Each structure stands twice: as C-alpha cells, then as structure tokens.
Amino acid sequence: MPGQERFHLSKLPREPNCTRFKTLTLSDQQFLNGDTGGKPVTITGQLRIAQGSGRLPVVVLQHGSGGYNANIDVWSRELNELGISTFALDSFTGRGLTEVNSNQALLGRLNFIVDLYRALEVLASHPRVDPRRIVLMGFSRGGQATLYASLKRFNRLWNKSGVESAAYVPFYPDCMTTYISDTEVADRPIRIFGGTLDDYNPISVCKAYVERLRAAGRDVEVTEYPNAAHAFDNPLGAQPAAVSPKFESVRNCKIREETGGLLINAETKQPFSYEDACVVHGPHLGYDRLQPRPPKHPSRHF
C-alpha cells in the first residue's frame, strides 16, 4: 500500500450531495422473517459524482461498527479518480448511534442489508447513475452486510429497487453465521478481501464459506493480505495494529439460523446472545501502509 501521503482528504470533492432516505431498524429475527414492522428511520448517504457525463457507475460504501471512518473518504477519492461515483452511507447518526464496537447488541447486524437495498432504490432513479453498474462495497459489519446482501432470499424479501448489484465487494467481513440457503446467491461476482492477522473477523472462516459457495458453482474469490490486521485500509488506524480492549468479537462463535428466523449458538443450542461465552474482547485494529493496495477491483465489474 502506498504511503500515507496518498490519503490526504483535501483532494476529495468539496461538496458531496447529502441525500436523506428512509429505512427501518429491525431485529435480526424480523429481518430473517421478512417482518416489515420495524421502526422507521431516516439515514443519509453522501453522493459524490465523478467527472464525466451521462449516467456513471457507482460504488455504494457501507461503514462498519465504528461508523463513518477515514477509509470511506479514501475509497471515495480513489474511485472518483477512476471515473466511478460513490454513495457513502451513514447508518448510525439517524439511529442515534456513533459506534457499536463496544456493544454490538445496540443494532441488529442485518439492518445494514436493508440500508444497502434502500440505497439501491435511491440510486436507481438518479439521472447521473447507471443502475446496471452499481457495486456494493462494505467494511467489517458493513462487509458482512455486503456479503450477505448477495443472498437471493434476502433480495426477494427486502430489495424492492428493481436493481441487482453488479458485484459484491466485502472487506474483512464477519462470516461466523450460517444462514438458511446461504449458498443461493446472486449470479454476480463476490470478491472478499481480508488480512491474515485479523482477529476481529478471521479470514479463515470466510475462506470456509467461500469453499461452500464454490462447490455450489458461484463466482466468488477471496484475497488475503499477509500481516494485515482488521481495518488495514484505514489510514488513521494504529501503526502497528493495537488492541481495542472494549471491542466485542464473535470470532469464537458458531452461529446458525434455524426456522422462524432464530439465530442459534451452535454449541449451546440456545438463542445467540452477546453475553455468550464465545464472545470475546480485545481484537487488534490497525493500518498497514506496507500492504499493497487492493487492485481497482470495482472497476472490473462495470
């Protein structure tokens, strides 16, 4: 990865268009059952239109448990320079949250998927957006949402946009949950990126899921960065990676969906809770400027 001088935020477009749109706050069980009786909420997205004319490709950027961080702005700038617009979501402020790293139970993990689908609705009718060339890209909790937004079942339940993402690009996602029919994904590329040293969301668990997807004939790849910890693309992260003692990780958990939309701790056979013994604290997070920058992967799918 290039040196930090590349990440000077002053090079971003000065006046992104802040768009407000409606979504829902749901429990994970509500989401899995297609129950629309959640709490209505309004969130925002920053639309940065790249240089060019007509309808342009767009990457939707979904932050993680720490909220909107510097890596989102970095990616926006780099993608804009490629002629790709970006729509960066803020899924926390409208819900009265700033972060959930230290208390993941504050928000059901599947809410971000609804936010991504609602973002597709916003973009589908925008005169400067080509709805055939929208890619979803997320980080950590947002990476988990990006990954599982590819499930055909979830699209049927919640994606009312009439638009299908051109590709799914999750960075260091949580892959610890097995969902019903989770190998039935959209016929679109899925490209997962993570670090070998990630002890927040271990890449090894995602690799096991990738093998199941490949066995089902899906177009999925995983790229692993040696010596990279969680959030390795955040230029404001610790160097070297440092322990975050209050942050919760489910890295030791095996969570499984059962009928009725229940998420079960596979070891205890009881409903999963963040009070379970498998939930641990103190993962490492940090920026690794020596890692090679991931290839301009979103542009390959336009």
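If you're wondering where the values come from, they're calculated on a predicted model, not measured in any experiment.
- No side-chain donor-acceptor contact under 3.5 Å links Ser102 and Glu248.
- No side-chain N or O of Tyr274 forms a donor-acceptor pair with one of Asn103 less than 3.5 Å apart.
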Stepwise side-chain contact (heavy atoms from CB on, under 4.5 Å) test for Trp75 and Asp233:
CA-CA 9 Å; Trp75 280 106; Asp233 62 326; 2.9 Å; yes
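- Residues Leu213 and Ile255 share a single hydrophobic cluster, defined by chaining ILVMFWY side chains whose heavy atoms lie under 4.5 Å apart.
- Linking ILVMFWY side-chain heavy atoms closer than 4.5 Å, directly or via other members, places Val280 and Val250 in two distinct hydrophobic clusters.
- Val100 and Leu285 fall into different hydrophobic clusters, defined by Ile, Leu, Val, Met, Phe, Trp and Tyr side-chain heavy atoms under 4.5 Å apart, directly or through other members.
- For the 3.5 Å distance criterion, the side chains of Tyr225 and Asp198 fail to qualify, holding no donor opposite an acceptor.
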Please step through side-chain contact (heavy atoms from CB on, under 4.5 Å) for the pair Leu61 and Ser76, ending with a clear verdict.
CA-CA 8 Å; Leu61 298 168; Ser76 290; 3.4 Å; yes
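- A side-chain donor-acceptor contact under 3.5 Å links Arg251 to the backbone of Asp199.
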Steps toward salt bridge (Lys or Arg N to Asp or Glu O under 4.0 Å) verdict (Asp73, Arg48)
CA-CA 10 Å; Asp73 285 330; Arg48 293 185 169 103; 3.3 Å; yes
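- The closest side-chain heavy-atom distance from Thr19 to Thr44 is not below 4.5 Å.
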Assess whether salt bridge (Lys or Arg N to Asp or Glu O under 4.0 Å) is satisfied between Lys246 and Glu99, documenting all intermediate values.
CA-CA 12 Å; Lys246 295 183 179 180; Glu99 60 87 21; over 6 Å; no
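- The closest side-chain heavy-atom distance from Leu263 to Leu32 is below 4.5 Å.
- With 3.5 Å as the limit, one finds no donor-acceptor pair spanning the side chains of Tyr200 and Asp174.
- Formation of a donor-acceptor pair under 3.5 Å by the Asn159 side chain with backbone atoms of Val163 is found in this model.
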Do Ile43 and Phe21 pass the side-chain contact (heavy atoms from CB on, under 4.5 Å) test, and can you show the C-alpha distance, the side-chain angles, and the key distance before you say yes or no?
CA-CA 6 Å; Ile43 64 172; Phe21 60 98; 3.6 Å; yes
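- In this structure, Arg218 does not pair ionically with Glu184, as no charged nitrogen and carboxylate oxygen lie closer than 4.0 Å.
- Glu224 and Ile203 make their closest contact through OE2-CG2, 3.6 Å (heavy atoms, listed as atom of the first residue, atom of the second, distance).
- Under the 4.5 Å side-chain heavy-atom criterion for Ile, Leu, Val, Met, Phe, Trp and Tyr, Leu197 and Phe232 are members of distinct hydrophobic clusters.
- Between Ile192 and Val210 there is a side-chain heavy-atom pair separated by less than 4.5 Å.
- Note that CG of Asp115 is 6.5 Å distant from CG of Leu89, once rounded to the nearest 0.5 Å.
- Within a 6.0 Å radius of NZ in Lys269, more than 12 heavy atoms belonging to other residues, nucleotides or ligands are found.
- One side chain, Ser140 or His230, offers a donor N or O that lies under 3.5 Å from an acceptor on the other.
- Considering all non-hydrogen atoms of both residues, Leu120 and Ser161 come closest at CB-OG, 3.6 Å.
- Within 6.0 Å of the NZ atom in Lys152, the count of heavy atoms belonging to other residues, nucleotides or ligands exceeds 12.
- A distance-only check finds a donor-acceptor pair linking the side chain of Arg128 to the backbone of Gly54 [under 3.5 Å].
- Looking only at distances, no side-chain donor or acceptor of Asp130 sits under 3.5 Å from a matching main-chain atom of Ile134.
- Between the CG atom in Leu116 and the OG atom in Ser165 there is a gap of 9.0 Å [rounded to 0.5 Å].
- For the pair Gln104/Ser65, a side-chain contact is recorded, criterion being any heavy-atom separation below 4.5 Å from C-beta on.
- Checked against His63 for a ring-ring contact (aromatic ring centres under 6.0 Å, His included), the options Phe139, Tyr68, Phe112 give a single hit: Phe112.
- Asn71 places no side-chain N or O within donor-acceptor distance of the main-chain N or O of Ala231, the cut-off being under 3.5 Å.
- For the pair Val41/Lys22, no side-chain contact is recorded, criterion being any heavy-atom separation below 4.5 Å from C-beta on.
- The heavy-atom pair separating Gly260 from Gln29 by the smallest distance is O-NE2, 3.0 Å.
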Could you check Leu107 against Arg95 for side-chain contact (heavy atoms from CB on, under 4.5 Å), going step by step and ending with a plain yes or no?
CA-CA 9 Å; Leu107 184 67; Arg95 292 184 167 104; 3.7 Å; yes
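- A salt bridge does not link Lys160 to Glu121: none of the charged side-chain nitrogens sits closer than 4.0 Å to a carboxylate oxygen.
- Arg132 places no side-chain N or O within 3.5 Å of a backbone atom of Ala166 that could act as its donor or acceptor partner.
- Gln62 and Arg141 share no side-chain donor-acceptor pair at under 3.5 Å.
- Atom CG of Asn265 and atom CZ of Phe272 lie 7.0 Å apart (nearest 0.5 Å).
- Asn33 places no side-chain N or O within donor-acceptor distance of the main-chain N or O of Asp35, the cut-off being under 3.5 Å.
- The structure places OG1 of Thr146 at 6.0 Å from CG of Leu136, a figure rounded to the nearest 0.5 Å.
- Looking at Asp182, its side chain does come within 3.5 Å of a backbone N or O of Tyr179 through a donor-acceptor pair.
- Glu257 places no side-chain N or O within donor-acceptor distance of the main-chain N or O of Thr178, the cut-off being under 3.5 Å.
- With contacts defined as side-chain heavy-atom distances shorter than 4.5 Å, the pair Asn111/Thr25 qualifies.
- The minimum heavy-atom distance between Pro202 and Met176, with the atom names listed, is CD-CE, 4.0 Å.
- For the ring-ring contact (aromatic ring centres under 6.0 Å, His included) test with Trp158, the passing option among Phe31, Tyr148, Tyr117 is Phe31; the others fail.
- Contact annotation: the side chain of Pro131 never approaches that of Leu123 to less than 4.5 Å [non-hydrogen atoms, C-beta and beyond].
- Distance check: Leu147 CG to Gln144 CD gives 8.0 Å after rounding to the nearest 0.5 Å.
- Taking every heavy atom of both residues into account, Phe87 and Ala119 meet most closely at CE2-CB, 3.8 Å.
- Residues Ile72 and Met137 fail the side-chain proximity criterion, which asks for heavy atoms closer than 4.5 Å.
- At distances below 3.5 Å, not a single donor-acceptor pair connects side-chain atoms of Asp276 with backbone N or O atoms of Val279.
- For the residue pair Ala149 and Asn155, the shortest heavy atom distance occurs at O-ND2, 2.8 Å.
- In the hydrophobic cluster analysis, where Ile, Leu, Val, Met, Phe, Trp and Tyr join through side-chain heavy atoms closer than 4.5 angstrom, Leu157 is grouped together with Val185.
- For the atom pair CD of Gln270 and CD1 of Ile264, the computed distance is 7.0 Å after rounding to the nearest 0.5 Å.
- A salt bridge is defined here as a Lys NZ or Arg NE, NH1 or NH2 lying under 4.0 Å from an Asp or Glu carboxylate O, and Arg77 with Glu81 meets this definition.
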